[in-house]
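Okay, structure first, notes after.
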Amino acid sequence: MTLFRLDTALALALGFISFLFAVIWGTPLINYLRSRQIGESIRLDGPQTHLSKVGTPTMGGIMILVPTAIFCTLFILPRYFSLALPLAMLIFAGALGMLDDLTKLRQKREGKPKEGVTPRYKLLWQFAMAIGAAFILYFPLDLGKVAIPLMPELIQLPVWLYIPVAVLLIVYFSNATNLTDGLDGLAGGTAAIAFASFGVISLRQGNYHLATFCFCMAGGILAFLWFNAYPAQLFMGDTGSLAIGATLSTVALMTLQWPLLPIVGVIFVAVAASSLIQTSYFKWTRRRTGTGKRLFKIAPLHHHFELLGWSEVQIVQRFWIVSMLSGMIGIALALL
C-alpha cells in the first residue's frame with residue numbers, strides 16, 4: 001500500500017511539475033513565435049468569426065511535447081524502458097506535425113496555397129510509425145492482448161488481426177485529433193481529459209510508469225490550455241495535434257484497454273466521422289443526381305454547431321462535458 005501511494009504521488013506530482021514547467025515558459029514561447037511571424041492562417045470557407053484569429057502564433061504543441069519528454073526521460077525511462085515507445089511516438093509524430101506547420105509557413109511566405117505536407121506523404125509516415133509501434137507492442141513488449149469489460153481473462157489476438165487494428169487506431173486518432181483542433185481549447189481540453197482517464201486506468205492496473213506519462217501529458221496540455229483558452233493566444237498546430245492523437249492511441253494499446261478508446265475519445269471519433277460522412281455523402285449524391293448534397297452545414301462537426309448559432313465557448317464547454325462523462329464511463333468499464 002505504501003509503494004502504491006508513493007508511485008501514485010510521483011505520477012501526480014510529475015504531472016503538476018510538467019504543468020508548471022510548461023506554463024512558465026509559455027509567454028516567452030508566444031513572444032518568440034510572434035517575433036518570427038509563425039502565425040496561423042484560417043480556412044476561408046469556415047465560420048467568418050474565425051477571421052480575427054489570423055496571425056495567432058501556432059506550433060504551441062511544443063509546450064506539451066517538451067516537458068513530457070524531459071521529465072519522463074529523466075525520472076521514469078531509466079526504470080521502465082517500455083516507456084520509450086510512447087515517448088518515441090510523441091517525438092516522431094510531433095516532428096511530422098512540425099514539418100507540416102513549417103511547410104505551411106514557408107508556403108504562406110512564398111505566396112503559395114497553404115497546403116503543408118501533402119496528405120499522401122503525411123499518411124505514408126503516419127502508417128510507417130503506426131506499423132513500427134504495432135510490431136513493437138506485439139513482439140518485444142508482448143502486449144498483443146485485449147481486455148474486454150465483464151470478461152475476467154485477457155484475450156490473446158493473432159498477429160494478423162492485432163497489427164491492422166493497432167495501426168488503424170493510431171492513424172485514425174492522430175488525424176481525428178488534428179481535425180478536432182478547430183476551436184479555442186477544444187482539442188486540448190478533450191485530450192487532457194482522455195489522458196487523465198487512461199492515467200487513472202493505468203494506476204488501477206499498477207502501470208505507474210504509464211500513468212506518469214499520461215499525467216505528464218495532461219499537465220503539459222493544461223499548461224497549453226492556459227494560453228489556448230478563448231480567446232486563444234496560442235494554437236497547438238499539427239505539432240501538437242498529430243502527436244497527441246498518435247500518443248493517446250499508443251497509450252490505450254499499452255493498457256490493453258484499447259476498446260475503451262472510442263468511448264474515452266468519443267469527441268475525436270465524432271469529429272473525424274462527421275468529416276468522413278460529409279465527404280462520402282457529397283460524392284455519393286453527386287454521382288446519383290449530379291449535384292452533391294451535404295448532411296452537415298459544414299464539417300468537421302464543431303463548425304456545424306457554430307453555423308447553427310452556438311457560440312465557440314458553448315461548443316467547447318459542452319464538448320468538454322461530453323468528454324468528462326465519456327471518460328467516467330471508460331474508467332467505470334475498465335474497473336469491471
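Counting heavy atoms of neighbouring residues, nucleotides and ligands inside a 6.0 Å radius, atom CD of Gln314 exceeds 12 of them. Trp25 CH2: more than 12 foreign heavy atoms inside a 6.0 Å radius. Glu153 CD: 12 or fewer foreign heavy atoms inside a 6.0 Å radius. Enclosure of atom CZ in Arg288 is not indicated, since only 12 or fewer non-hydrogen atoms of other residues, nucleotides or ligands lie within 6.0 angstrom. Residue Lys145 qualifies as enclosed at atom NZ: its count of foreign heavy atoms under 6.0 Å is above 12. More than 12 heavy atoms of other shown residues, nucleotides or ligands fall within 6.0 angstrom of atom CZ in Phe139.
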(request) With side chain to side chain contact (heavy atoms under 4.5 Å, CB included) as the test, would you mind laying out the steps for Leu248 and Leu261 before giving the verdict? (result) CA-CA 9 Å; Leu248 176 63; Leu261 182 58; 4.0 Å; yes
(request) Go through the steps to decide whether Ile244 and Phe173 satisfy the test side chain to side chain contact (heavy atoms under 4.5 Å, CB included), and finish with yes or no. (result) CA-CA 9 Å; Ile244 286 173; Phe173 273 87; over 6 Å; no
(request) For the pair Gln257 and Gln205, evaluate side chain to side chain contact (heavy atoms under 4.5 Å, CB included) and give the outcome as yes or no after the intermediate values. (result) CA-CA 10 Å; Gln257 297 278 3; Gln205 294 175 332; 3.5 Å; yes
(message) side chain to side chain contact (heavy atoms under 4.5 Å, CB included), that's the test. Do Tyr230 and Val316 meet it? Break it down for me.
(response) CA-CA 9 Å; Tyr230 182 87; Val316 171; over 6 Å; no
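Ser311 contributes atom OG, which lies 10.0 Å from atom CG of Leu183 (distance to the nearest 0.5 angstrom). The CD1 atom of Ile136 lies 5.5 Å from the CG atom of Leu85; values are rounded to the nearest 0.5 Å. Rounding to the nearest 0.5 angstrom, the gap separating the CG atom in Leu179 from the NE2 atom in His302 is 7.5 Å. In this structure, CD1 on Ile62 lies 8.0 Å from CG on Leu65, to the nearest 0.5 angstrom. To the nearest 0.5 Å, the span separating CG on Leu141 from OG on Ser82 amounts to 6.0 Å. Considering CG of Leu234 and CZ of Phe224, their distance stands at 5.0 Å, rounded to 0.5 Å.
Side-chain N or O atoms of Tyr138 include one that pairs as donor or acceptor with a backbone N or O of Val159 at under 3.5 Å. Between the side chain of Thr279 and the backbone N or O of Leu276, no donor-acceptor pair lies under 3.5 Å. Not one N or O on the side chain of Asp100 forms a donor-acceptor pair closer than 3.5 Å with the backbone of Leu96. Using a distance-only test at 3.5 Å, with no hydrogens or angles considered, no donor-acceptor pair links the side chain of Tyr172 to the main chain of Ser249. The main-chain N or O of Ala252 is found under 3.5 Å from a side-chain atom of Thr255 such that the two form a donor-acceptor pair. For the pair Trp320 (side chain) and Gly185 (backbone), a donor-acceptor distance under 3.5 Å is present. Panel note: side chain Thr190, backbone Ile267; no donor-acceptor pair is recorded below 3.5 Å. Between the side chain of Gln278 and the backbone N or O of Pro300 there is no donor-acceptor pair closer than 3.5 Å. Ser326 places a side-chain N or O within 3.5 Å of a backbone atom of Ser323 that can act as its donor or acceptor partner.
Every residue two or more places apart in sequence or in another chain that forms a salt bridge (charged side-chain N to carboxylate O under 4.0 Å, His left out) with Arg106 is listed here: Glu110. For Ser174, the side-chain hydrogen bond (donor to acceptor under 3.5 Å, both in side chains) partners are Gln126, not counting sequence neighbours. Here Gln317 pairs with nothing under the side-chain hydrogen bond (donor to acceptor under 3.5 Å, both in side chains) rule; sequence neighbours left out. For Phe296, the ring-ring contact (aromatic ring centres under 6.0 Å, His included) partners two or more places apart in sequence, or in a different chain, are His304.
For Gly330 against Ile263, the heavy-atom pair with the smallest separation is N-CG2, 4.3 Å. Counting all heavy atoms, side chain and backbone alike, Thr289 lies closest to Thr291 at OG1-O, 2.9 Å. Closest approach of Thr58 to Leu33, counting heavy atoms only: O-CD1, 3.0 Å.
Note: the hydrophobic cluster containing Met98 also contains Tyr121 (ILVMFWY, side chain heavy atoms under 4.5 Å, direct or indirect links). The hydrophobic clustering, which links ILVMFWY residues whose side-chain heavy atoms are closer than 4.5 Å, places Ile221 and Ile70 together.
Among residue pairs with one or both ends in residues 234-245, those qualifying as side chain to side chain donor-acceptor pair (under 3.5 Å) are Asp101-Thr239, Lys122-Asp238, Asn178-Asp238, Asn178-Ser241; sequence neighbours excluded. Applying the ring-ring contact (aromatic ring centres under 6.0 Å, His included) rule to pairs touching residues 68-104 yields Phe21-Phe71, Tyr80-His209, sequence neighbours excluded.
By the 4.5 Å heavy-atom criterion applied to side chains, Arg318 and Trp310 are counted as neighbours. Between Gln37 and Leu105, every side-chain heavy-atom pair lies at or beyond the 4.5 Å cut-off.
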